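Single-structure report; data block below.
Note that the numbering runs from 1 along the sequence shown for the chain. None of these values were measured; they are calculated from a predicted model. Both ligands and their constituent atoms are indexed starting at 1 by order of listing.
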Amino acid sequence: MGNELRHIAFIMDGNGRWAKKRHLPREFGHRAGVETFRRVLTHCRDLGIPFITVYAFSTENWKRPQHEVDALMDLLSRYLRECLRDAKKNKARFCFIGDPEPLSDALKAQIRDVESATSGYDSVVNIALNYGSRHELVQAFEKLVREGKTEFTEEDVDRALYTAHCPDPDLIVRTAGEKRLSNFLLWQAAYAEFYFTDTLWPDLSNREIDSIVADYSARVRRYGAVKEEPSSGANGKGDEAS
Ligand code: FPP
């Protein structure tokens, strides 16, 4: 039997290149990216994956040209409207991870509405928005200090992060050829498997997701230990099993 896949996370990269290849403005790539996000979400849920996280906007993305930032915020706002409308149909809990502070009041209100309308569902979709992992860690430690803690356990940190409601990601997929984390889930990724594909995010097909999931499923996850080898040892178990 393959590895259980409870939590998959995506770094959705390559929207700009997708648009450039078509001689279109970058905003068109983001629009296509939202379409792909919708489809990927449905597909992952059909595959029975209960936790899905996507990196929609990083703390560094504010450095992009204002018209591109505005286009991304507009796409998010439209998506949030759709989320609220389809809350009962989607049967998923939408959570926004990141620091909402610099977002517009209108967007913050939409986020609150979507989070409260969907809070009763078990299946989780995390949308990382104005997210930066280092900032998340600093905020987590500040929170623990405010609680009066002077010593911390790993569990303390886990529950002070934006992702306290989720298991750590099992698999992080990054599209568009870059092989880095870009300040995404640094703490949570401690034992994650990684998959990098050259496919641009808008072109990521359900078939490729199936093959990524199959690849993950066949990997040996050791978590720093020695994996049991079914063929080794007289009892059919690895040494450390005895
Ligand atoms: C990176 O591609 C992508 C982003 C910074 C934005 C990702 C956002 C979406 C796919 C829309 C998500 C929307 C919702 C509603 C969740 P890039 O622009 O850096 O591409 P490039 O590296 O080719 O320039």
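- The closest side-chain donor-acceptor pair between Trp187 and Asp168, if any, does not fall under 3.5 angstrom.
- Atom 20 (O) of ligand 1 has its nearest heavy-atom neighbour, among Ala71, Ala32, Gly16, in Gly16.
- Of the candidates Phe184, Phe196, Trp201, Phe196 is the only one forming a side-chain contact (heavy atoms from CB on, under 4.5 Å) with Arg174.
- The single protein non-hydrogen atom nearest to atom 1 (C) of ligand 1 is Met12 O, 3.2 Å, given as residue, atom name and distance.
- Taking only nitrogen or oxygen atoms, main chain and side chain alike, Arg64 reaches within less than 3.5 Å of ligand 1.
- The nearest heavy-atom contact from the protein to atom 11 (C) of ligand 1 is Val34 CG2, 3.7 Å.
- The shortest N or O to N or O distance between Tyr55 and ligand 1 is not below 3.5 Å.
- By the 4.0 Å N-to-carboxylate-O rule, Glu82 lies too far from Arg85 to be salt-bridged with it.
- Looking at Arg26 against ligand 1, only its side chain comes within 4.0 Å, counting heavy atoms.
- With a heavy-atom cut-off of 4.0 Å, Asn61 touches ligand 1 through its side chain alone.
- Looking only at heavy atoms of the protein, atom 9 (C) of ligand 1 is closest to Asn15 ND2, 3.7 Å.
- In summary, the atoms of ligand 1 found under 4.0 Å from a heavy atom of Tyr79, numbered by their order in the structure, are 15 (C).
- Contact between Gly132 and Asn183 at its shortest, heavy atoms only, is CA-ND2, 3.6 Å.
- Given atom 8 (C) of ligand 1, the protein heavy atom at minimum distance is Ala56 O, 3.6 Å.
- Between Trp18 and ligand 1, not a single N/O pair is under 3.5 Å apart.
- For Arg31 and Phe28, the positive end sits near the middle of the six-membered ring, less than 6.0 Å away and at most 45° from its axis.
- Protein heavy atom closest to atom 14 (C) of ligand 1, with residue, atom name and distance, is Leu76 CD2, 3.9 Å.
- Ring orientation note: the planes of Tyr55 and Tyr131 are nearly perpendicular, at an angle over 60° on the 30°/60° scale.
- Between Arg207 and Asp210 there is no salt bridge, since no side-chain nitrogen of the basic residue lies less than 4.0 Å from a carboxylate oxygen of the acidic one.
- Between Glu178 and Arg180 there is a salt bridge, since a side-chain N of the basic residue sits under 4.0 Å from a carboxylate O of the acidic one.
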